[in-house]
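First the structure, in the form of structure tokens, and then the observations on it.
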Amino acid sequence: MFQKMKGTYDIINDIGYYHAIEKAVHNISRRFNYEEIRTPHFEASELFHRSVGEETDIVSKETYDFTDRGDRDVTLRPEGTAGVVRAYIENKLYASKKSPQKYYYLGSMFRYDRPQKGRTREFRQFGGEAFGSDHPALDAETIAYAVMFLRAIKLKGVNLHINSLGGDESKAQYEKTLKAHVKPHLGELCEDCRRRYEENPLRILDCKVDADHEAIKNAPNPIESLTDDDTENFQNVLMYLDAMGIDYTIDSTLVRGLDYYTHTVYEFLASSELLGAQRSIGGGGRYDKLVEQLGGPATPATGFAFGLERIVHLLKHSDDFTLKQQGIHLYLLTMGERAKPYALRLAHKLRAGGINCETDFLEKSMKAQFKQSAHNKARFVAIIGDEEVEEAAVTLKDQREKSEETISVNHLYEILRQRLRHDKKGA
Ligand code: HAM
């Protein structure tokens, strides 16, 4: 028997959580004027090397890479931003008259990481990316979009941690300061860190091997390397967040594990212990150089992504979120030869009008069909036997009110609609 690959899951019982999240994503995205974009699940490997970064854990250790039959180097996308930026450039979306240009996405990402609580090899993200403005108000609005999404799914206990890496000058200054700080301890650090020291010093900070080394724990604070302009920019982002009443914690240790960030970076951390070490349910920031770096016109941009598996895990343990019971509206219970085509025709008509129906396909007894109606959580049961066929009627049982009446098929649709509307109002 085949089994699923390590680190992957079949979503069956939890599908209702994903539907609720997806509904909120589409809804909130419209409010913030984001358009949906769907990019391929695989891209040229080079795209991720040049964006997420060669020295990052994601690219150096976690990508699913393969050579296709045309001898191309291909990677299953480990994140969504690189593909969106590639699509932005390739489709010349920068030429749009709308400004800023805002896109959101939902879909699977793939990272070959050690599976554990909150960490899988295929996981889903909801992300949003806004292009064309370096205004700090856009950073704040992007964060507000993320916060509004969390509010829509009633996820509480999430804290926004925020920091700034600054632009080129500040980043270069920070790298210098960090290198000077790490240098005396270089011999004690792992081989990867020693290489990173030369090639991409910032990545030393996400080393899992040396995470507890004093030199890394006491690493200098990026905020202290910011130029005056970059400090002002960060203060302005915070001012806009304050204006919207969005709470945050300035976290000077936050640098994020992807290379493309400039200026504002942030993460949404769950306060509960439910996710073990994987408390980050989402993260993002500004990436003002990436579009140009990948061959497009210089275009500032900012965005974030949430991990849906982590969010589902939290929602399942939350008292604030209740999943709506998924049942059918009507079970058509049939008895006798003539009832079958009659029931199927009726179901076809009712379904065309928006009623969710089920009926029997196994010639089951009446008792067994009643059981089926219960398994399907049917709100109503229509009993159809010879007599009902003769009279063009059904015997309608209201399973909630525990009542029963004979109804002409001509009136059935209207009566069901009325009662279902009434249910909705009372809900
Ligand atoms: P990231 O922090 O690498 O950022 O991932 C975002 C979220 O995806 C994480 O906070 C986490 O919830 C989820 N996630 C990551 N890896 C796994 C995993 N192995 N299993 C389960 N969930 C996971 C990005 O991907 C950036 N592209 C975000 C961004 C968009 N920055 C700017 N725009």
Side-chain angles (χ1 to χ4, degrees), residues 5-9 11 18 21 34 37 39 43 47-48 51-53 56-59 61-64 76-88 100 102-131 138-139 142-143 145-146 149-150 155 158-163 165 203 206 208 254-270 274-291 299-315:
M5 300 285 290
K6 191 174 172 190
T8 67
Y9 292 89
I11 304 174
Y18 287 88
I21 291 172
Y34 276 69
I37 185 168
T39 65
E43 300 269 1
L47 174 69
F48 301 109
S51 53
V52 176
T56 58
D57 274 0
I58 296 177
V59 166
K61 299 188 183 145
E62 297 170 5
T63 47
Y64 276 89
L76 296 187
R77 61 182 186 189
E79 59 102 55
T81 311
V84 173
V85 173
R86 198 258 321 126
Y88 180 81
K102 300 167 163 179
Y103 299 95
Y104 75 97
Y105 50 90
L106 275 162
S108 285
M109 309 292 159
F110 307 87
R111 295 185 193 177
Y112 190 85
D113 205 345
R114 195 166 52 81
Q116 52 181 283
K117 208 195 272 181
R119 194 190 282 165
T120 50
R121 291 184 171 173
E122 179 181 13
F123 59 96
R124 284 140 200 92
Q125 282 189 346
F126 150 47
E129 316 287 353
F131 297 89
L138 187 62
D139 297 72
T142 316
I143 292 172
Y145 169 37
F149 159 69
L150 295 177
L155 188 62
V158 177
N159 302 313
L160 168 64
H161 283 224
I162 192 164
N163 197 18
L165 305 173
R203 295 282 70 93
D206 12 89
K208 288 179 185 122
L254 187 68
V255 292
R256 307 268 302 135
L258 302 92
D259 274 356
Y260 48 63
Y261 291 113
T262 53
H263 299 283
T264 315
V265 286
Y266 50 90
E267 265 177 20
F268 291 95
L269 301 181
L274 283 166
L275 291 168
Q278 317 304 321
R279 283 173 57 223
S280 171
I281 61 158
R286 213 168 235 299
Y287 49 95
D288 285 347
K289 302 285 171 192
L290 186 58
V291 176
T299 309
T302 178
F304 65 83
F306 282 110
L308 302 195
E309 276 68 14
R310 293 185 191 175
I311 289 182
V312 167
H313 190 72
L314 294 175
L315 288 180

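Order of listing sets the numbers, starting from 1, for every ligand and every atom in it.
With a heavy-atom cut-off of 4.0 Å, Tyr260 touches ligand 1 through its side chain alone. Proximity of Glu129 to ligand 1, defined as any heavy-atom pair under 4.0 Å, is confined to the side chain (atoms from C-beta onward). When heavy-atom distances to ligand 1 are checked against a 4.0 Å cut-off, Arg256 comes that close only through its side chain, counted from C-beta outward. Contacts between Tyr287 and ligand 1 below 4.0 angstrom, taking non-hydrogen atoms only, involve the side chain exclusively. No part of Glu267 comes within 4.0 Å of ligand 1, judged by heavy-atom distances.
The N/O atoms of Gln125, backbone and side chain alike, include one that comes under 3.5 Å of an N/O atom in ligand 1. Considering backbone and side-chain N/O of Ile281, one or more are found under 3.5 Å from N/O of ligand 1.
When hydrogens are left out, the protein atom nearest atom 14 (N) of ligand 1 is Phe123 CE1, 3.5 Å; that is the closest non-hydrogen contact. Looking at atom 31 (N) of ligand 1, its nearest protein heavy atom turns out to be Tyr261 OH, 2.6 Å. At the top of the distance list for atom 20 (N) of ligand 1, counting protein heavy atoms only, stands Thr120 N, 3.0 Å. Of the protein's non-hydrogen atoms, the one nearest atom 11 (C) of ligand 1 is Arg310 NH1, 3.4 Å. Looking only at heavy atoms of the protein, atom 32 (C) of ligand 1 is closest to Gly303 O, 3.2 Å.
No donor-acceptor pair closer than 3.5 Å links the side chain of Arg286 to the backbone N or O of Thr264. Side chain of Asp288 to backbone of Ala301: a donor-acceptor contact under 3.5 angstrom is found. Judged purely by atom type and a 3.5 angstrom limit, Glu267 has no side-chain atom pairing as donor or acceptor with the backbone of Leu269. Arg77 contributes no side-chain N or O that, together with a main-chain N or O of Phe110, makes up a donor-acceptor pair within less than 3.5 Å. With hydrogens and angles disregarded, no donor-acceptor distance shorter than 3.5 Å links the side chain of Arg124 to the backbone of Tyr18. Put simply, the side chain of Arg111 gets close to the backbone of Pro78: a donor and an acceptor are under 3.5 Å apart. For the pair Arg203 (side chain) and Thr56 (backbone), a donor-acceptor distance under 3.5 Å is absent.
Minimum heavy-atom separation, Gly303 to Thr142: CA-CG2, 4.0 Å. When all heavy atoms of Tyr261 and Gly285 are compared, the closest pair comes out as CE2-N, 3.5 Å.
For ligand 1 and Phe304, the ligand atoms under 4.0 Å from any heavy atom of the residue are 29 (C), 30 (C), 32 (C), 33 (N). Every atom of ligand 1 with a heavy atom of Gly284 under 4.0 Å away is listed here by number and element: 31 (N).
Nearest-heavy-atom check against atom 28 (C) of ligand 1 across Gly307, Gly283, Gly128, Gly127 picks out Gly283. Taking each of Ala270, Ser280, Gly285 in turn, the one with a heavy atom nearest to atom 12 (O) of ligand 1 proves to be Ser280. Relative to atom 3 (O) of ligand 1, the option among Glu79, Arg111, Glu309 with the closest non-hydrogen atom is Arg111. Comparing Gly118, Gly83, Pro78, Ser51 against atom 21 (C) of ligand 1, the shortest heavy-atom distance belongs to Gly118.
Enclosure of atom OH in Tyr64 by more than 12 non-hydrogen atoms of other residues, nucleotides or ligands within 6.0 angstrom is indicated.
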Report the C-alpha separation of Thr81 and Tyr287 in whole Å, then their side-chain angles, then the decisive distance to 0.1 Å, and conclude whether the side-chain hydrogen bond (donor to acceptor under 3.5 Å, both in side chains) test is met. CA-CA 10 Å; Thr81 311; Tyr287 49 95; 5.3 Å; no
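Between the side chains of Ser108 and Glu122, at least one donor N or O sits under 3.5 Å from an acceptor N or O.
Distances from ligand 1 to the non-hydrogen atoms of Met109 include no value under 4.0 Å. The closest approach between Asp113 and ligand 1 stays at or above 4.0 Å for every heavy atom of the residue.
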